[in-house]
Peer 1: 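Got a structure for you, written out below as structure tokens; questions coming shortly.
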Amino acid sequence: AAQGTMNNLTFGNEKYQYYETIAGGYGAGNGFDGVSARQVHMTNSRLTDPEVLEWRYPVVVEEFSIRKNSGGKGKWRGGNGTIRKIKVLEDMEISVLSSHREVPPPGLNGGSAGKAGENSIDRRNGTSLKLKGCDNVKIKSGDTIHIETPGGGGFGKE
């Protein structure tokens with residue numbers, strides 16, 4: 001299985017509003033590895049370039065990378081998810097709508113599951129707030145939105 005259909009993030013306040021879909025891991029199949037960091041099922045969209053996002057919104061993109069070893073193992077390996085960290089520079093409200101946070105994307109024919117995703121807010125005071133797959137929370141300037149998308153399931157026994 002793939003990352004699921006949803007890894008959506010919105011943030012904003014009275015002046016700014018932003019919506020994005022974040023890529024994750026695509027599941028492996030008979031004869032092929034899954035694809036890493038790919039929009040799966042729901043959308044054919046692309047993310048806003050970090051430079052444009054930072055220019056238009058009071059945010060800093062601290063990280064956007066491939067989530068290594070998040071794809072399931074197997075004869076053919078599942079694709080890896082992504083890590084997305086965005087620091088806000090004004091008080092905002094965020095909402096997240098995401099799949100496979102409780103149950104990881106399963107593997108098939110003896111392949112192992114990919115890693116489940118995780119959502120959190122890294123507070124400027126050093127604490128962290130774990131978010132549910134579907135959640136809404138107010139955040140303060142200096143807090144960081146931290147989204148780790150699921151990896152895809154593997155296929156076949158190693």
Side-chain angles (χ1 to χ4, degrees), residues 1-12 18-54 59-88 92-123 126-137 139 143-158:
Q3 69 155 339
T5 60
M6 299 291 181
N7 280 297
N8 296 277
L9 172 67
T10 63
F11 60 81
Y18 181 73
Y19 173 94
E20 70 180 23
T21 58
I22 308 170
Y26 202 90
N30 190 10
F32 62 91
D33 289 329
V35 179
S36 297
R38 177 64 60 120
Q39 296 290 3
V40 179
H41 303 306
M42 185 193 104
T43 180
N44 191 19
S45 64
R46 296 177 63 187
L47 286 175
T48 303
D49 292 332
E51 298 84 1
V52 174
L53 186 61
E54 292 176 348
V59 301
V60 174
V61 177
E62 292 188 327
E63 181 177 354
F64 188 43
S65 62
I66 291 178
R67 187 180 178 205
K68 294 181 179 168
N69 301 313
S70 61
K73 294 180 181 177
K75 185 173 183 182
W76 292 283
R77 189 169 180 92
N80 291 312
T82 63
I83 299 172
R84 185 104 163 127
K85 293 182 182 180
I86 300 172
K87 180 188 281 188
V88 299
M92 296 200 188
E93 187 169 346
I94 71 134
S95 293
V96 62
L97 172 63
S98 57
S99 298
H100 285 296
R101 289 333 194 245
E102 303 274 330
V103 177
L108 294 173
N109 289 8
S112 65
K115 285 187 179 175
E118 298 180 15
N119 306 323
S120 63
I121 301 299
D122 299 331
R123 301 283 190 189
T127 64
S128 185
L129 171 66
K130 183 176 177 161
L131 301 176
K132 296 177 275 187
C134 297
D135 216 334
N136 176 270
V137 66
I139 59 178
D143 292 346
T144 300
I145 303 163
H146 184 161
I147 307 290
E148 296 194 12
T149 63
F155 188 95
K157 292 181 183 177
E158 286 187 86

Peer 1: Please determine whether side-chain contact (heavy atoms from CB on, under 4.5 Å) holds for the pair R84 and V61, giving the CA-CA distance in whole Å, both sets of side-chain angles, and the decisive distance to 0.1 Å.
Peer 2: CA-CA 8 Å; R84 185 104 163 127; V61 177; 4.0 Å; yes

Peer 1: List the residues meeting side chain to side chain contact (heavy atoms under 4.5 Å, CB included) with S98, not counting sequence neighbours, and say none if there are none.
Peer 2: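 Applying side chain to side chain contact (heavy atoms under 4.5 Å, CB included) to S98 gives N7, V96, R101, N119.
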
Peer 1: Please report the shortest heavy-atom distance between S99 and P150, naming the atom on each side.
Peer 2: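 So the two residues come closest at O-CG, 3.7 Å.
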
Peer 1: Nearest 0.5 Å please: distance from the CD atom of E118 over to the NZ atom of K130.
Peer 2: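 Atom-to-atom, E118:CD and K130:NZ are 6.0 Å apart.
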
Peer 1: Are the side chains of N30 and W76 in contact, using a 4.5 Å heavy-atom criterion?
Peer 2: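 SC-SC contact between W76 and N30 confirmed.
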
Peer 1: Step by step, work out the side-chain contact (heavy atoms from CB on, under 4.5 Å) result for R67 and T149.
Peer 2: CA-CA 8 Å; R67 187 180 178 205; T149 63; 5.8 Å; no

Peer 1: Do you know which two heavy atoms are closest between C134 and L97, and how far apart they sit?
Peer 2: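 Nearest pair, atom of C134 first, then L97: SG-CD1, 3.2 Å.
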
Peer 1: Please report the closest heavy-atom contact between A116 and P104, naming both atoms and the distance.
Peer 2: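 Reported closest heavy-atom pair: N-CB, 3.9 Å.
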
Peer 1: Using a strict threshold of under 4.0 Å (side-chain N to carboxylate O), is an ion pair present between E63 and K85?
Peer 2: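 Salt bridge: yes.
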
Peer 1: Checking the side chain of R77 only, and the main-chain atoms of G71 only, is there a donor and an acceptor separated by less than 3.5 Å?
Peer 2: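 Yes: the side chain of R77 pairs with the backbone of G71.
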
Peer 1: What pair of heavy atoms forms the shortest contact from Y26 to A2, and how long is it?
Peer 2: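 Reported closest heavy-atom pair: CA-CB, 4.2 Å.
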
Peer 1: Testing I83, I86, I22 for side-chain contact (heavy atoms from CB on, under 4.5 Å) with F64, which one passes?
Peer 2: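 Answer to the side-chain contact (heavy atoms from CB on, under 4.5 Å) test with F64 among I83, I86, I22: I22.
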
Peer 1: Using a strict cut-off of less than 4.0 Å between a Lys/Arg side-chain nitrogen and an Asp/Glu carboxylate oxygen, indicate whether E148 and K115 qualify as a salt bridge.
Peer 2: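 No salt bridge links E148 with K115.
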
Peer 1: Report yes or no: does E158 contribute a side-chain atom to a donor-acceptor pair with the main-chain N or O of K73 at less than 3.5 Å?
Peer 2: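 No: the side chain of E158 does not pair with the backbone of K73.
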
Peer 1: Indicate the atoms forming the closest heavy-atom contact of S70 with N80, along with that distance.
Peer 2: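 Scanning both residues, the minimum pair turns out to be N-OD1, 3.0 Å.
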
Peer 1: Could you walk me through whether L129 and D143 pass side-chain contact (heavy atoms from CB on, under 4.5 Å), step by step?
Peer 2: CA-CA 10 Å; L129 171 66; D143 292 346; over 6 Å; no

Peer 1: Just verifying a value: how many Å separate T10 OG1 and N136 CG, rounded to the nearest 0.5 Å?
Peer 2: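 Spacing of OG1 (T10) from CG (N136) equals 7.5 Å.
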
Peer 1: Does any N or O in the side chain of D33 come within less than 3.5 Å of the main-chain N or O of A28, such that one atom is a donor and the other an acceptor?
Peer 2: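 Absent.
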
Peer 1: Is there side-chain contact between I121 and I145, with heavy atoms separated by less than 4.5 Å?
Peer 2: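 When only atoms from C-beta onward are counted, I145 and I121 do touch, with a gap below 4.5 Å.
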
Peer 1: How long is the span from the OG atom in S120 to the CG atom in D135, to the nearest 0.5 Å?
Peer 2: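 Going from OG on S120 over to CG on D135, the span is 11.0 Å.
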
Peer 1: Please lay out, stage by stage, how Y18 and V59 fare under the test side-chain contact (heavy atoms from CB on, under 4.5 Å).
Peer 2: CA-CA 11 Å; Y18 181 73; V59 301; over 6 Å; no

Peer 1: Are T48 and E20 close enough, and set up right, to give a side-chain hydrogen bond (donor to acceptor under 3.5 Å, both in side chains), and what steps lead you there?
Peer 2: CA-CA 8 Å; T48 303; E20 70 180 23; over 6 Å; no

Peer 1: If you take all heavy atoms of K75 and K157, which pair is closest and at what distance?
Peer 2: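 Residues K75 and K157, closest heavy atoms: CB-O, 3.3 Å.
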
